2 protein chains.
Amino acid sequence: MHNGDVSTTSDPGARLGSELSDAVVMFHEALGALSGLSAADHKALGIVRRDGPVSARELADRTGLTAGAVTGLVDRLEQAGQVRRTRHATDRRRLVIEATASPPPEVRAALAEMGTAMGRVTAQFTPEELQVVARWVQLTTATMREQAARAAGRLEGRREG
Amino acid sequence: MHNGDVSTTSDPGARLGSELSDAVVMFHEALGALSGLSAADHKALGIVRRDGPVSARELADRTGLTAGAVTGLVDRLEQAGQVRRTRHATDRRRLVIEATASPPPEVRAALAEMGTAMGRVTAQFTPEELQVVARWVQLTTATMREQAARAAGRLEGRREG
DNA sequence: CCATATAGTTTAGTTCACTCAACCATTCAT
DNA sequence: ATGAATGGTTGAGTGAACTAAACTATATGG
């Protein structure tokens, strides 16, 4: 099952993507579990981490949850020490939800280990090759985002059909 | 050490990785949703798809669920047309749970679209470059699997500490 | 055969995250 | 200032998926 020949399938890209997919999902879940978060909560945390401080409403829109559900979500993330909840400076209705500086030790350890493990992987490539990989990762990420949105949209449409 | 700046620690590499990860997870979830499956169910389906026909007990062990929960799980997967439930030939207490040949039309359509989209991505690379990407994907997949297992193990250990 | 173990289902009860709607607090517009 | 809009929280009710335990059916060993 590990033949390195990319051109054997009609769909090399999709094949490559799907091989990674399961592994990524597993790691993602394992990481969430380490900090006592469900996969869904961990995903929400990702939004906060990446896209900086967000308001509750923003988070609700991004996750597709209702305002009420977001309150609970933020409660859990705060409980887990992953997130800080403050009030907006000028508009005091608004929340400022921001990730704490660094994840809890267990997660940091796992991430660090992952980092060195990935270091061993990248060490086997030349800088030029890594450029190629980076390009592929970028394009693939964009494609997956787009396709995820499209699939979600299709589901939306069906619900109203 | 010829790995350029891709593996420096505060790096774009980590960001790329985490964005790819989220994108993958989103696509994974969207795909599951299309066939009316939760992320958890979709993951279980992955086990059945990948590791061939399994018994209910096996599936229970692999997912960490109880026997009763697995009955419901398989019910849902069967309902969604993703899985077939037959009895074992020689031991008729046992179930033989196997993935159906092809996913339902909505999922197939989404996968097909994903396929052509990824085709457009791969079209932007030479065969040699794709070899490089394939190599990276394989190594990365193995690494993620290993790290996921390690993280899960750590969690396990903590529970008994 | 009969006793006991194993595979899976069923059922009753629990948990948990969600929605919806009512509810404060704050801001904005007139 | 006051009424309407906005941001977030709270609480009641719902539904999905879980566990534990009782149950059915099959297998196996003395």
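What you are looking at is a predicted structure, and each value in this text was computed from that prediction instead of being measured. A, B, ... follow the sequence lines: proteins, then strands. Residue 1 opens every chain.
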Side chains of A/R76 and A/V83: closer than 4.5 Å at any heavy-atom pair?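 No, side chains not in contact.
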Over all strands shown, is B/T90 touching base, sugar-phosphate only, or nothing at heavy-atom distances under 4.0 angstrom?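 Sugar-phosphate: the residue B/T90, judged by heavy atoms under 4.0 Å, touches backbone atoms but no base.
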Output yes when a side-chain donor or acceptor of [X] lies under 3.5 Å from a complementary backbone atom of [Y], and no otherwise.
X      : Y     : answer
A/R87  : A/V96 : no
B/R62  : B/V54 : no
B/T100 : B/G81 : yes

Applying ring-ring contact (aromatic ring centres under 6.0 Å, His included) as the test, list every pair that has at least one member in residues 36-74 of chain B; sequence neighbours left out.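 Only B/H28-B/H42 qualify under ring-ring contact (aromatic ring centres under 6.0 Å, His included).
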Shortest non-hydrogen contact between B/F125 and A/V132, atoms and distance: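 Looks like CE2-O, 3.7 Å.
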Of all heavy-atom pairs between A/E129 and A/Q124, which one has the smallest distance, and what is that distance?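 So the minimum-distance heavy-atom pair works out to OE1-O, 4.2 Å.
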Rounded distance (nearest 0.5 Å) linking atom CD1 of A/I97 with atom CD of A/E78: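 Answer rounded to 0.5 Å: 9.0 Å.
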Walk along DNA chain D from 5' to 3' and tell me the first and last nucleotide with an atom closer than 4.0 Å to a non-hydrogen atom of chain B.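 Footprint of chain B along DNA chain D, 5' to 3': D/dA17 to D/dA27.
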How does protein reach along nucleotides 7-22 of chain C, written 5' to 3' as B (base within reach of a heavy atom under 4.0 Å), S (only sugar-phosphate), or - (no contact)? SSBB------SSB---
